[in-house]
2 protein chains.
Amino acid sequence: MVRIADVAKLANVSTATVSRVISNSGTVKKETAEKVMEAVKKLNYQPNVLARQLRRSETKTILVVVPDITNTFFSEVLRGIESVAIQIGYQVLLGDARNNAESEASYLTILGQKKADGLILLTARSNQKMLEEISQDYPVVLACEYYEGSRLPTVSIDNVSSARKATEYLISLNHKRIGHISGPLNVVVGRDRCKGFHQAMAQHGLSVDPSLVQEGEFSFESGFNLMMKFLALEDFPTAIFAGNDEMAMGAVKAIKSKGFKVPEDFSVIGFDDIKFASIFEPALTTVAQPTFDMGQKAMQLLLKIINGEELEKSQFILPDKLIVRDSCKELTING
Amino acid sequence: MVRIADVAKLANVSTATVSRVISNSGTVKKETAEKVMEAVKKLNYQPNVLARQLRRSETKTILVVVPDITNTFFSEVLRGIESVAIQIGYQVLLGDARNNAESEASYLTILGQKKADGLILLTARSNQKMLEEISQDYPVVLACEYYEGSRLPTVSIDNVSSARKATEYLISLNHKRIGHISGPLNVVVGRDRCKGFHQAMAQHGLSVDPSLVQEGEFSFESGFNLMMKFLALEDFPTAIFAGNDEMAMGAVKAIKSKGFKVPEDFSVIGFDDIKFASIFEPALTTVAQPTFDMGQKAMQLLLKIINGEELEKSQFILPDKLIVRDSCKELTING
DNA sequence: TTTTTCGGTGTAATCGATTACAATATTGTA
DNA sequence: TACAATATTGTAATCGATTACACCGAAAAA
C-alpha cells in the first residue's frame, strides 16, 4: 500500500504539502506541486479514503432505502438519485427493505455508525416519530412516500390531486359507476389516492358505492383478486381506478379472464406509468410520476442539507402527467 | 458525539476494555463487561465505524456494479446479493453503469480507495485485462455475465446449453425455419446464446438461414425492429428465439402489429423469465435464470475470497429451467 | 535599514477506534 | 508461604490522512 508518506519522501516534501496538492486546497508553489504530482504518478498513489473520512468525519456516501428494489418504479427513482450523487462525488449505499417496515428501520443504524452522511427514504412505513428524531441529527429526505403533516423534507407528486385527475378523466368519459382498487391504506400514497378518488366523485355529484372501493396491496395478484370481487357483484362498475399500474394490469387480467374486454366493457386507469405500462395490452392509461426527476431532486435537496444550506422550502411537489393510452373508453348509452 | 473514551470514563475502565467488550473479543470479567454495557446504554454509544475501518482496514462494504438497475432481472440478482450481505453484516454500495462500459469502469476506482472490500460485477463489458489485474489485488466475482476463457470467479448459468435447450424446444414442436433475434454479440451472453442456437440447429440437421439471425440490443424496441425485418422477408420463419424476454415481447408486438397471432402464426421463446413474462399476453415461454440464487451464490463466493478461504472451484454454473407458457405451439402441416 | 506582510512549507496534533505489549491481579500448586 | 500460571486490565502505538499552528525567507512598506 502506497501511503502519503511514501509520496512525500519521494517528492522530498512533507506530507502536509502532498495533502495540499492532492486536495488542491492550499497555496503550493507550482514547481513543488509538479514534483508531487510526479511522485503520485510514479507510485500510482491513491489516497486512502477511510483515513480522510475519519479525519474529516464525512463519508461522501448516502444511504437510500427502497421498499422494493425489483419494482422498476423505485429503481428509476434510484437511478435519478445515483446519477446526481456520482456527479458530485457521492456514492450510494443501498438498502432494500423488501416491503418490510422492520427491515426498513434496521437500515437506519447505518447513519449512527457514520457510514453515510445522509439518508433518502423512498418508503415511509416505519415509525414517524423515530424518523423525525433521526432527522434532528442527520440529513434525511423523503421521496415518493411521505408522512402526513410532517415537516420532513419531501419530494413527491401530489397524490391526492393526481388521483382526482385520474378519476376525473374517467368521469369525463361519462363513467358514473366507478370502482377504486386501492393500495394499502396504511401507506400514505394508498390513502391519498383513495382520498383523491372520493374527492373527484363528490365534486361531480357522484356517489361512491362502498362495495366498489376495495383495499389491497400494490401487486398484480392483488389487483386481479379485487377485480374478481367486483365481477362477482350484481351491478358492475363501468370503470376502475387502480392504485398503481401493477394492480391495474391485474384488474385487466381478471376482466379478460371473465371474457370481457378492456376498454370496450370496462375502462381501467392505473398509476405510476412503469416501464411496462405501454407494452401491456391494452396499453395502460395512467398517471406518470417523474421518477428520474424526483430522484435527482431528492439528492440535490439532501446535498443542501448536508452542506448546511438554508432550504427555501421543505416540501417539493413535482408535476405528474396523465398519459392517455388504450385502456379507457367513453361510455356510450349502450355501454 | 459519544466516543469510546467517554464510555471508558463512565465505566471507570480503559478504552481497551470497552473495545474488548463491544467486540466481545477478549477476556473481560463478567462484572466489568456489565459495567461497560451499562455505560454504553446510558450514553447511547455507537462505535464510529470509520475509525474501526481505518484501523482494521476493512469496510464491511462491497461494491456491486449493475449494467442497468431498472432491469428487473438485475435487480433480482441484486436482491439476492444484498440479502446475504446484510445477514453477514455487510453493506452494498451500488454502481449503475447505465449500459455504458466507461461508466462501468469508473466505479472500479472505489476499490483502490478502500471504500469497499470487494466487488461483484453483473456486467463484463469493460476491459478484461484490466479487470483481471484488479482481481489480483482485490476480491472480485462476476455474476450473470463473464469473460470467455478467464479464470475470474464466476456465477452464472450455462448460456450456451440454455440457448440450445430453448431452440430444441422449438425444434421439438416441429419448427424447422427458426429465426434468432440475438442480443449484442460484443456481450458474452449475447454471443453464447447465439452459439447455442446454432449448435441446436446443427445437431438436428437444420440449416440456419443467415437472414434469420439478427443482432440487436437487449431491449423491447430492438426486438420489435428486428422482428419487423423478418416480417419483410419473402419466406417467414415459423418460430423465433429471442435473446431475452424484452426482445421477445418486442417481437410479439411486431407480429401482432402485422395482424398475425402468437402462437398460432409464430412461436416465440424468450430468455430470463423476468417478472413480467407471465403477465404478458401471450404469457411468455422462456428460460428462467435463478436470479436470486445467483446473487446469493455470488455474495457467498465473494465472502470466501475476502476471508482468504480456498475456493474448491472458481466457475459456478447454476441450473436454468425451461418455463413453458403460451407463446409457442406445435407446427402443424397447415403451418 | 528596519519592520511588516505573506507566500510557501514543515511539525505535530488529531480523528476514534483496535490491539500489541506490559502490567497487575488472582488463582493454583508445591 | 512462595512461586508459577493464568486471567484481567491498562498504556500507548497504530491505521493514513488532514490541518492548526509555527516557521522561514523574500518582498513590500515604513
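In what follows, chains carry the letters A, B, and so on, assigned in the order in which the sequence lines appear, proteins first and then strands, with residues in each chain numbered from 1. All values below were derived from every heavy atom in this structure, side-chain atoms included, with hydrogens, water molecules and symmetry-related copies excluded.
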For this session: Look at all strands and tell whether A:V13 reaches a base, only sugar-phosphate, or nothing, counting heavy atoms closer than 4.0 Å.
Result: sugar-phosphate
Exercise. With a 4.0 Å cut-off, would you call B:R125 and B:E145 a salt bridge?
Worked result: yes
Exercise. Are the charged groups of B:D6 and B:K9 less than 4.0 angstrom apart, N to O?
Worked result: no
Exercise. Below 4.0 angstrom from OP1 or OP2 of D:dT9, is there any side-chain N or O of B:T17?
Worked result: no
Problem set entry | Distance in Å, A:K35 NZ paired with A:K29 NZ, rounded so as to fall on 0.5 Å steps |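 Interatomic distance, A:K35 NZ to A:K29 NZ, rounded to 0.5 Å: 8.0 Å.
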For this session: Would you mind reading off the distance between B:E31 atom CD and D:dT9 atom C1', rounded to a whole angstrom?
Result: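 In whole Å, D:dT9 C1' and B:E31 CD are 13 Å from each other.
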Problem set entry | A:S83 side-chain N/O to A:G80 backbone N/O, donor-acceptor pair under 3.5 Å |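 Side chain of A:S83 to backbone of A:G80: a pair is present.
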For this session: Give a yes or no answer on whether the side chain of A:Y146 reaches the backbone of A:T123 with a donor-acceptor pair at less than 3.5 Å.
Result: no
Polar atoms only, N or O, under 3.5 Å: list the protein pairs with nucleotides 14-18 of chain C and their distances.
unit_1: C:dT14; atom_1: O2; unit_2: A:R55; atom_2: NH1; d: 2.7
unit_1: C:dG16; atom_1: N2; unit_2: B:A51; atom_2: O; d: 3.3
unit_1: C:dA17; atom_1: OP1; unit_2: B:Y45; atom_2: OH; d: 2.7
unit_1: C:dA17; atom_1: OP1; unit_2: B:N48; atom_2: N; d: 3.1
unit_1: C:dA17; atom_1: OP2; unit_2: B:I4; atom_2: N; d: 2.2
unit_1: C:dA17; atom_1: O5'; unit_2: B:Y45; atom_2: OH; d: 3.2
unit_1: C:dT18; atom_1: OP1; unit_2: B:R52; atom_2: NE; d: 2.8
unit_1: C:dT18; atom_1: OP1; unit_2: B:R52; atom_2: NH2; d: 3.3
unit_1: C:dT18; atom_1: OP2; unit_2: B:S19; atom_2: OG; d: 2.5
unit_1: C:dT18; atom_1: O2; unit_2: B:R55; atom_2: NH1; d: 2.5

